[in-house]
Amino acid sequence: MNKAFYILAVFLLLLGTGLVLLPDREHSDEASPGELLSNLRNPSRFISTDKVAEMIISQDPALLLVDVRDMYDFLDYSLPGAHSIPLEEIMMYNWVDSLSYKQSQIVLFSNSDILADQAWVLLKRKKYENIHIMKGGLNHWFETIIQPEPPAETAADDEIDRYQFRKGASIYFTGGAVPLEQETSTEAVMVKRKNKTQLVEGGC
Amino acid sequence: MKFKHPNRSFVAFVVIFVLVIVIGLLTINKPDLKYKLSIDESVEQLMANEDKIYPEDLVGIIEMEEPGYVLIDLRNPYEFIKGHIAGAINIPTNSILSKDKLKMFNRYAADSTVVVLYGQTQLEANGPWMILKQMGYDNMKVLLGGYHYFTTGPLDFYDMPEIPEYLVEEPAYDYYGIMEAMGSKSGEDAGAVGQPQIVIPVRKKKESVVEGGC
């Protein structure tokens with residue numbers, strides 16, 4: 001046998017033991033700080049209140065609303081169909097079923113967007129996808145959807161369209177009854193019967 | 001066999017080749033940025049809610065020139081040039097993890113200088129703060145309200161409303177009350193002005209017993 005083969009074999013063995021002794025590579029089920037930071041700059045991490053309202057009204061099956069405030073706030077008021085997962089429990093929740101489903105759109109919200117953003121960073125570190133933050137939170141929700149400000153008369157058309165949508169959405173979310181602006185003047189139809197004057201009336 | 005008589009230079013070549021690959025594998029893809037806190041630890045740390053700097057306190061810190069504080073402006077350089085809090089250092093959000101900046105943060109951590117991060121709003125500073133915090137920089141704090149509140153809002157403690165504007169997570173409205181009010185109001189309206197009333201004409205009963213007919 002050639003000596004070179006022995007040398008090669010010994011060398012490979014040494015390399016093998018070296019690999020065994022190497023420290024474990026960080027398990028990559030977490031996004032690195034760098035990735036997390038670049039995710040922060042992705043504008044699609046926010047979703048507008050208008051878009052959320054639209055998705056609720058059209059009963060989008062992909063929408064998963066998550067209220068990250070605590071239980072008491074959730075019980076006081078929350079968006080229709082929202083799940084209550086307080087920030088404290090966000091990592092304990094069994095997300096796998098709902099989050100691994102790639103088509104779903106998870107929308108986190110709180111009173112403003114700080115708590116939702118914190119939940120977002122935690123979930124993003126675990127590499128969950130399709131998570132959004134409702135921009136402005138419930139405070140903004142009430143300003144825009146529930147109690148929308150009418151635009152100035154000189155406003156652009158799309159602004160007026162948006163206001164019309166918001167007003168409709170407000171009606172949808174507050175009770176469903178349509179407040180009539182101008183009274184429709186339908187007069188009641190009275191059927192007047194002619195009084196018979198004579199007791200006995202002749203026939204034929 | 002082809003390799004029955006491999007010459008020495010061939011063996012040497014193979015050895016060097018393998019070595020290069022191994023060294024390459026060890027050095028490449030090596031994450032030099034790591035989290036120090038696990039997810040659960042960082043949730044705990046979030047719930048502790050200790051890393052807030054109130055704007056009115058910051059005014060005091062700047063005026064008294066208290067040592068042990070450093071202000072970091074996370075906005076982009078253009079905004080920074082337009083105006084910033086006195087004494088702030090500009091480190092735009094996307095460069096906080098660059099090598100020299102981390103070296104700087106390490107230095108601050110070593111002499112336990114409190115690093116106050118601020119963006120235009122609190123939200124802007126929230127992400128960077130969480131990342132640095134999870135990387136183990138315990139001395140990071142966030143300025144509530146951000147630059148916007150610091151330059152526009154009332155900073156005198158006695159001028160402030162009971163719930164200052166910078167506590168953005170406080171509900172600004174009585175959600176339940178508004179929903180109740182709007183719901184019931186539209187309900188009443190529907191009854192009052194709603195549909196036109198249906199008038200059912202009352203038929204007059206014939207009184208006379210005998211009526212003529214054919």
Side-chain angles (χ1 to χ4, degrees), chain A residues 2 4-5 7-8 11-12 15 18 22 26 30 32-34 36-38 40-41 73 76-77 87-88 90-91 110-115 117-118 121-122 125-126 138-139 142 146-147 170-171 173-180 183-184 186-191 193 195 199-204, chain B residues 4-8 10-11 14-15 18 22 26 31 33-35 39-40 42-43 46-47 93-94 96-97 122-123 126-128 130-131 134-135 168-173 175-176 178-179 182-187 189-190 193-194 196-199 201 203-204 206-208 210-214:
Chain A
N2 197 308
F5 279 125
I7 296 170
L8 212 67
F11 180 69
L12 283 174
L15 272 182
L22 270 180
E26 185 87 11
E30 287 193 356
S32 74
L36 207 53
L37 189 68
S38 62
L40 275 182
R41 279 180 296 154
D73 290 335
D76 183 49
Y77 171 75
L87 182 60
E88 211 171 335
I90 202 118
M91 298 325 294
S110 55
N111 284 339
S112 176
D113 31 27
I114 304 294
L115 279 185
D117 191 53
Q118 292 174 346
V121 173
L122 292 173
R125 179 172 157 184
K126 283 289 179 194
L138 282 177
N139 284 338
F142 270 80
I146 304 296
Q147 297 176 316
S170 165
I171 292 161
F173 289 112
T174 50
V178 185
L180 294 175
E183 240 177 271
T184 42
T186 21
E187 275 182 26
V189 184
M190 300 286 271
V191 182
R193 288 213 139 219
N195 274 342
L199 273 180
V200 185
E201 267 177 299
C204 302
Chain B
K4 217 165 194 177
H5 303 288
N7 53 21
R8 246 158 228 255
F10 177 72
V11 172
V14 168
V15 166
V18 171
V22 167
L26 289 183
L33 302 176
K34 272 187 189 158
Y35 298 109
I39 280 270
D40 294 333
S42 45
V43 172
L46 268 180
M47 296 323 289
T93 300
N94 47 11
I96 54 166
L97 294 182
Q122 191 196 335
L123 182 68
N126 186 56
M130 279 185 74
I131 291 173
Q134 291 179 27
M135 287 172 70
V168 282
E169 278 296 339
E170 292 295 322
Y173 309 97
Y175 301 145
Y176 180 75
I178 289 177
M179 294 305 284
M182 289 186 77
S184 60
K185 191 183 78 204
S186 54
D189 283 356
V193 258
Q197 282 181 357
I198 299 161
V199 181
R203 281 192 159 240
K204 207 180 149 197
K206 285 174 182 172
E207 273 163 13
S208 58
V210 187
E211 264 178 297
C214 285

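Note: hydrogens, waters and symmetry copies are ignored here, and every other heavy atom, side chains too, is used. Here is how names work: the chains are called A, B, and so on, in the same order as the sequence lines, proteins then strands, and each is numbered from 1. For clarity, every value in this text was computed on a predicted model and none was experimentally measured.
Remark: B:Met130 CE to A:Asp117 CG distance equals 7.5 Å, nearest 0.5 Å.
Here the shortest heavy-atom pairing between A:Met91 and B:Asp40 reads CB-OD1, 4.2 Å. Heavy-atom minimum distance, A:Phe173 versus B:Met179: O-CE, 3.1 Å. Pairing each heavy atom of A:Leu87 with each of B:Val43, the nearest pair is O-CG1, 4.1 Å. Taking all atoms of both residues into account, the shortest heavy-atom contact from B:Leu33 to A:Pro33 is O-CD, 3.8 Å.
Contacts between B:Ile39 and chain A at a heavy-atom distance below 4.5 Å involve backbone atoms as well as side-chain atoms. For A:Ile114, the parts lying under 4.5 angstrom from a heavy atom of chain B are both the backbone and the side chain. Contacts between B:Ile131 and chain A at a heavy-atom distance below 4.5 Å involve the side chain alone, from C-beta outward.
Ring pair A:Tyr77/B:Tyr175 is tilted by interplanar angle, where 30° to 60° counts as tilted.
The most heavy-atom pairs under 4.5 Å with chain B, out of A:Arg125, A:Glu88, A:Gln118, come from A:Arg125. Chain A forms more heavy-atom pairs under 4.5 Å with one residue of B:Glu170, B:Met135, B:Met47 than with any other, namely B:Met47.
For the side-chain hydrogen bond (donor to acceptor under 3.5 Å, both in side chains) test, no residue two or more places apart in sequence or in another chain qualifies with B:Gln122. Take A:Phe11 and apply the side chain to side chain contact (heavy atoms under 4.5 Å, CB included) test, not counting sequence neighbours, and it matches A:Leu15, B:Val15, B:Val18, B:Leu19.
Counting heavy atoms from C-beta on, the side chains of B:Gln134 and A:Leu122 come closer than 4.5 Å. Residues A:Asn111 and B:Tyr173 fail the side-chain proximity criterion, which asks for heavy atoms closer than 4.5 Å. Side-chain contact check for A:Leu40 versus B:Pro128: some heavy-atom pair is nearer than 4.5 Å.
Not one N or O on the side chain of A:Asp113 forms a donor-acceptor pair closer than 3.5 Å with the backbone of B:Val168. Judged by distance alone, with hydrogens and angles left aside, the side-chain atoms of B:Glu169 form a donor-acceptor pair with the main-chain N or O of A:Leu115 at under 3.5 Å.
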